Amino acid sequence: MQQRTKQIIAITTTIALMGFLLAQPIKGLVNEDKNAATDAHATSQATFELMSQQAKQGLNPQIIGEISTIESKLTKASGAEKVALLQQLASKWDDVNKPAPLGFVYEELAKLEPQFEYWFKAGDAYRAAYTNLRDTALVRELNSYAINAYQNALKYNADDLDAKTGLGSAYVTGTDNPMQGIALLQEVVKADPSHVEANKSLGLFSMQSRQFDRAIDRFKTVIEQQPDAESYFYLATSYENIGLKREAIAAFEKSRDLAADPTLTQFINRKIDELSK
């Protein structure tokens, strides 16, 4: 159920931001000599405390109380007790699908017990947190945190394809040198041509650069491995942009059926009606 909720959130956000995405220039294609994201936390305005406060807004009072109790205990904890409390806190934030504070929790765990898993999960959480934001300053900041986390993860396992994918995607979406990220993502699909997240990231980049034929190939690969509402939506949008209406309708219908969300259903039905004329 939680995974389905996340997919619905992702695809609903896709609807809202698709026009914005396709209208944006690809940073770095003209001037690729600019530096990538600055060192994480160097000029931070996003803190663990602030992200926690924002994430609590609208939550069930009981959940807020449980999270606040753990946070209060953390101020006096150390060693194994602090690690255990942070693990509890991570579980709480994950349960309510709040990736921004979750990223900070995993980073704190990684500093206490340095290991691949914590750094990798921090990177994934930070990247999930900024994906749905429109505050460009906060997006860039969380993106730099994600890059830092993935870089640290790769120090422990330099060959991990998922960490390379996360780092490559973060470079593509949030820095002035996306080609560095593209190179990493291409390295991943060379090692594993069916890698879901790498193909999805390359597909999104192809959409943003209006290379819809390439995007279609990428999302077909994704769907062969992991058919989900979001990927079918991107595939449908790519078909629509090159005038393949029948294929777009079929992909939109798949997206609608997999998401089973009333808001998405209404939107896609309108799209299908438009494409059927």
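Because the structure is predicted, anything quoted here is derived from the model rather than measured.
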Can you confirm whether [X] sits close enough to [Y] that some side-chain heavy atom of one is under 4.5 Å from a side-chain heavy atom of the other?
X      : Y      : value
Arg256 : Ile272 : yes
Pro227 : Lys254 : no
Ile268 : Ser255 : yes
Leu142 : Leu133 : yes
Gln151 : Leu167 : yes
Lys82  : Leu74  : yes
Pro193 : Thr221 : no
Asp159 : Asn157 : yes

TODO: Go through the steps to decide whether Leu85 and Glu108 satisfy the test side-chain contact (heavy atoms from CB on, under 4.5 Å), and finish with yes or no.
DONE: CA-CA 11 Å; Leu85 287 169; Glu108 287 298 308; over 6 Å; no
Measure across [X] and [Y] and return the closest heavy-atom pair with its distance rounded to 0.1 Å.
X      : Y      : answer
Ala170 : Asn143 : O-ND2, 3.0 Å
Leu264 : Ala259 : CD2-CB, 3.1 Å
Ala251 : Tyr239 : CB-CD1, 4.4 Å
Arg210 : Asn241 : NH2-OD1, 3.5 Å
Ile216 : Ser238 : CG1-CB, 3.6 Å
Val189 : Ala198 : CG1-CB, 3.8 Å

TODO: State which residue, out of Asp94, Leu102, Leu109, Ile70, fulfils the side chain to side chain contact (heavy atoms under 4.5 Å, CB included) condition with Leu89.
DONE: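 With Leu89 as partner, side chain to side chain contact (heavy atoms under 4.5 Å, CB included) holds for just one option, Ile70.
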If you round to the nearest 0.5 Å, how far is [atom2] of [Y] from [atom1] of [X]?
X      : Y      : atom1 : atom2 : result
Gln266 : Asp261 : CD    : CG    : 9.0 Å
Lys200 : Gln226 : NZ    : CD    : 5.5 Å
Leu202 : Leu204 : CG    : CG    : 9.0 Å
Lys56  : Lys98  : NZ    : NZ    : 12.5 Å
Asp228 : Ile223 : CG    : CD1   : 7.5 Å
Arg140 : Thr175 : CZ    : OG1   : 7.0 Å

Determine whether [X] and [Y] fall in the same hydrophobic cluster, where Ile, Leu, Val, Met, Phe, Trp and Tyr are linked whenever their side-chain heavy atoms lie under 4.5 Å apart.
X      : Y      : result
Leu161 : Phe120 : no
Phe219 : Ile242 : yes
Tyr150 : Val188 : no

TODO: Would you please test Glu66 and Gln62 for side chain to side chain donor-acceptor pair (under 3.5 Å) and show each step?
DONE: CA-CA 6 Å; Glu66 293 172 356; Gln62 181 179 341; 3.3 Å; yes
Task: Steps toward side-chain contact (heavy atoms from CB on, under 4.5 Å) verdict (Phe48, Val105) - done: CA-CA 8 Å; Phe48 195 162; Val105 174; 3.3 Å; yes
- [ ] Decide yes or no on side-chain contact (heavy atoms from CB on, under 4.5 Å) for Val222 and Tyr234, but give the supporting numbers first.
- [x] CA-CA 11 Å; Val222 171; Tyr234 290 134; over 6 Å; no
Open item on the list: Which residue is it: Trp119, Tyr126, Tyr118? I am looking for the one with a side chain to side chain donor-acceptor pair (under 3.5 Å) to Glu107.
Closed with: Tyr126
Task: Polar side-chain atom of Asn152 near backbone of Asn148 as donor-acceptor pair, under 3.5 Å - done: yes
Open item on the list: Please determine whether side-chain contact (heavy atoms from CB on, under 4.5 Å) holds for the pair Ile67 and Trp93, giving the CA-CA distance in whole Å, both sets of side-chain angles, and the decisive distance to 0.1 Å.
Closed with: CA-CA 8 Å; Ile67 290 172; Trp93 285 127; 3.6 Å; yes
- [ ] Using the salt bridge (charged side-chain N to carboxylate O under 4.0 Å, His left out) rule, pick out the option among Arg246, Lys271, Lys245 that qualifies with Glu240.
- [x] Lys271
Open item on the list: Quick check: Phe252 with Tyr232 (ring centres under 6.0 Å apart)?
Closed with: no
TODO: Begin from the C-alpha positions of Phe104 and Tyr145 and carry the test ring pair (Phe, Tyr, Trp, His ring centres under 6.0 Å) through to its verdict.
DONE: CA-CA 9 Å; Phe104 283 96; Tyr145 298 170; 5.6 Å; yes
Open item on the list: Side chains of Glu71 and Ser52: any donor to acceptor distance under 3.5 Å?
Closed with: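 Distance-only check passes for Ser52 and Glu71.
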